[in-house]
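Because the structure is predicted, anything quoted here is derived from the model rather than measured. Hydrogens, waters and symmetry mates are skipped; everything else that's a heavy atom, side chains included, is used.
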Amino acid sequence: MSPSSKNKLRSPVLDGRLVTILSIDGGGIRGIIPAKILEFLESELQKLDGEDARIADYFDVIAGTSTGGLMTAMLTAPDANNRPIYAAKDIAPFYVEHGPMIFKQSGCCGCGLLGWMAALVGPKYDGNYLHELTREILGQTKLHHTLTNVVVPTFDIKLMQPTIFSSYEVKYRGYKDALLSDICIATSAAPTYFPPHSFTNADDSGQSWDFNLIDGGVAANNPTLVAVREVTKEVLSRSEDFFPIQPMECAKLLVISLGTGSAKREEKYTAEMASKWGILGWLFNGNSTPIIDIYNHASTDMVDYFLSAIYEAQTSQQNYLRIQAENLTGDRSSVDVTTDENLNDLVKIGECLLHYPFSRLNLQTGNSEPVTGGGTNQDALIKFAKMLSDEQKFRQSKSQTQELEGHGTVDSTELW
């Protein structure tokens, strides 16, 4: 399809050669970093296919956790013209504008002993601004309305299990076809930062379900593997929407996974520091929550470790792109510091990350290392933009050929 076509979505997977997946980590205000990466990717797609090209035109699945879930909704929710409500270039400015109000501390929540006492009896932020803003932007848009398939993890604290909101699952579990605003509020409800989110949703038959949800980062701060799982489930069910593909056939899965940055590990905590902590120490340490930081790092890194190993085993590394800003220090590693200085720093980090060497995880050392001859992250994104554009052109050509065949005007053997 032509992305400039206002009312036509991307061509279906059935007509393609690749399943295209975009994944965006959680990380609060650090969402500015992947937003700048997406801005560059979309600009490259526009160079290839016209200024109306949007991220949602090229990905079969977009997954996001927490702040990544909010970005997913912004990229895929339709406006009145059935186009995404936000272009990628508008997301970082959105965070810069609204971040200070989303993470606005009331009273003495952030000062001295009173701040510690407040954090002991309630979340750091009431979430009201985020809730109102999300509902205003997304209105009555539901999961099934999105312009491409989306996957957003949350965690149900009543059932003590992950709850994944997936476009694919809506076909079988209609009660999960919730308002996108409820899904975004839920996946962003990080413990100690925002209150949990509860709502009831019913399907067309009247079956309802009560949700009691917190931040998707508890289940999958890096949701890439969750997105791959959803695709794999469809493949195993022999969905008619997919061309023939084997489960976890990495050569057929084109994946871009974007992190929100990680702290400089050796400067975060030490065993000597932690040896003196009790429950409060693990929950509150300066401006951070160690137990959540550690869990999110472990969850995020293990997903990259697993996928890197699988793609390498199938010699399909060229189909997997993970971009992550590492060694963040001070306020830049925080999820909720929204001073002008830190917001500007995060924008610069996202911009500079484009020029860092393209790196992959070394499965022996566990560290990301520059790929010899791999160029920069910008170079890698340019290559992926070309692959995404070529995939869409292939699908459009195949679809048009099938339409002509249906009218008996062409012999496909003459074209393929």
Side-chain angles (χ1 to χ4, degrees), residues 1-23 38 40-63 75-76 78 81-84 87-88 145-150 167-168 171 227-228 230-232 234-235 237-256 311 314-321 379-416:
M1 72 163 205
S2 170
S4 62
S5 176
K6 296 293 186 181
N7 296 305
K8 190 173 182 181
L9 305 184
R10 77 207 180 290
S11 298
V13 183
L14 181 63
D15 292 331
R17 298 169 297 188
L18 298 167
V19 181
T20 55
I21 299 172
L22 171 65
S23 175
L38 288 170
F40 178 79
L41 176 62
E42 191 167 87
S43 71
E44 288 301 309
L45 292 167
Q46 289 169 347
K47 289 178 184 178
L48 295 167
D49 297 323
E51 63 180 13
D52 290 325
R54 295 292 183 267
I55 293 291
D57 297 327
Y58 297 88
F59 289 96
D60 299 308
V61 188
I62 301 181
L75 293 167
T76 63
N81 296 315
N82 209 33
R83 298 298 289 154
H145 291 135
T146 56
L147 297 173
T148 189
N149 298 297
V150 303
S167 299
Y168 296 117
K171 296 181 292 185
V228 172
E230 290 300 300
V231 169
T232 302
E234 291 298 295
V235 171
S237 70
R238 305 189 186 282
S239 170
E240 295 180 354
D241 294 333
F242 281 80
F243 59 86
I245 180 177
Q246 297 300 314
M248 291 300 291
E249 187 178 357
C250 294
K252 302 295 186 182
L253 303 180
L254 187 68
V255 175
I256 297 179
Y311 272 86
Q314 298 187 18
T315 61
S316 301
Q317 301 98 315
Q318 72 280 359
N319 281 14
Y320 175 59
L321 175 61
D379 295 328
L381 285 165
I382 291 172
K383 291 178 182 177
F384 268 71
K386 183 65 164 59
M387 295 168 71
L388 290 165
S389 178
D390 287 347
E391 173 65 15
Q392 286 308 300
K393 289 181 174 67
F394 175 84
R395 294 186 188 186
Q396 179 187 16
S397 177
K398 185 176 179 181
S399 177
Q400 290 174 343
T401 301
Q402 290 171 342
E403 289 181 10
L404 292 172
E405 285 181 330
H407 289 88
T409 58
V410 68
D411 181 356
S412 63
T413 59
E414 297 176 359
L415 298 177
W416 302 102

Determine the minimum heavy-atom distance between Glu234 and Lys171, stating which atoms define it. OE1-NZ, 2.8 Å
Would the distance check show the side chain of Arg17 and the main-chain N or O of Phe394 forming a donor-acceptor pair, the cut-off being under 3.5 Å? no
So Tyr58 and Glu391, do their side chains get closer than 4.5 Å, heavy atoms only? no
Between Tyr168 and Val61, is there a side-chain heavy-atom distance shorter than 4.5 Å? yes
From the list Asp60, Asp390, Asp57, salt bridge (charged side-chain N to carboxylate O under 4.0 Å, His left out) partner of Arg395 resolves to Asp60
Are Ile62 and Thr146 close enough, and set up right, to give a side chain to side chain contact (heavy atoms under 4.5 Å, CB included), and what steps lead you there? CA-CA 10 Å; Ile62 301 181; Thr146 56; over 6 Å; no
List the steps and the verdict of side chain to side chain contact (heavy atoms under 4.5 Å, CB included) for Leu254 and Phe59. CA-CA 9 Å; Leu254 187 68; Phe59 289 96; over 6 Å; no
Please determine whether the number of non-hydrogen atoms from other residues, nucleotides or ligands lying under 6.0 Å from atom CD of Gln317 exceeds 12. yes
Please lay out, stage by stage, how Asn319 and Tyr311 fare under the test side chain to side chain contact (heavy atoms under 4.5 Å, CB included). CA-CA 8 Å; Asn319 281 14; Tyr311 272 86; 3.8 Å; yes
Heavy-atom closest contact (Ala251 atom, Leu18 atom, distance): O-CD2, 3.4 Å
Would you check if the side chain of Glu51 reaches a backbone N or O of Gln46 as a donor-acceptor pair within less than 3.5 Å? no
Correct closest heavy-atom pair for Arg54 and Ala87 would be NE-CB, 3.6 Å
Are the side chains of Ile55 and Pro84 in touch, meaning some heavy atoms are under 4.5 Å apart? no
Between Pro78 and Leu147 the two heavy atoms that sit nearest each other are CB-CD2, 3.7 Å
I want to check something: taking the side chain as every heavy atom from C-beta on, are Leu41 and Ile256 in contact at a cut-off of under 4.5 Å? yes
For the residue pair Ser389 and Leu45, what are the closest heavy atoms and their distance? N-CD2, 4.5 Å
Compare all side-chain heavy atoms of Leu321 with those of Leu381 and state whether any distance is below 4.5 angstrom. yes
Thinking salt bridges, do Lys383 and Asp379 make one under a 4.0 Å N-O criterion? no
Do any N or O atoms from the side chain of Glu44 and from the backbone of Ala385 form a donor-acceptor pair under 3.5 angstrom? no
Go through Lys393 and Asp49 one step at a time and tell me if the side chain to side chain contact (heavy atoms under 4.5 Å, CB included) criterion holds. CA-CA 10 Å; Lys393 289 181 174 67; Asp49 297 323; 2.4 Å; yes
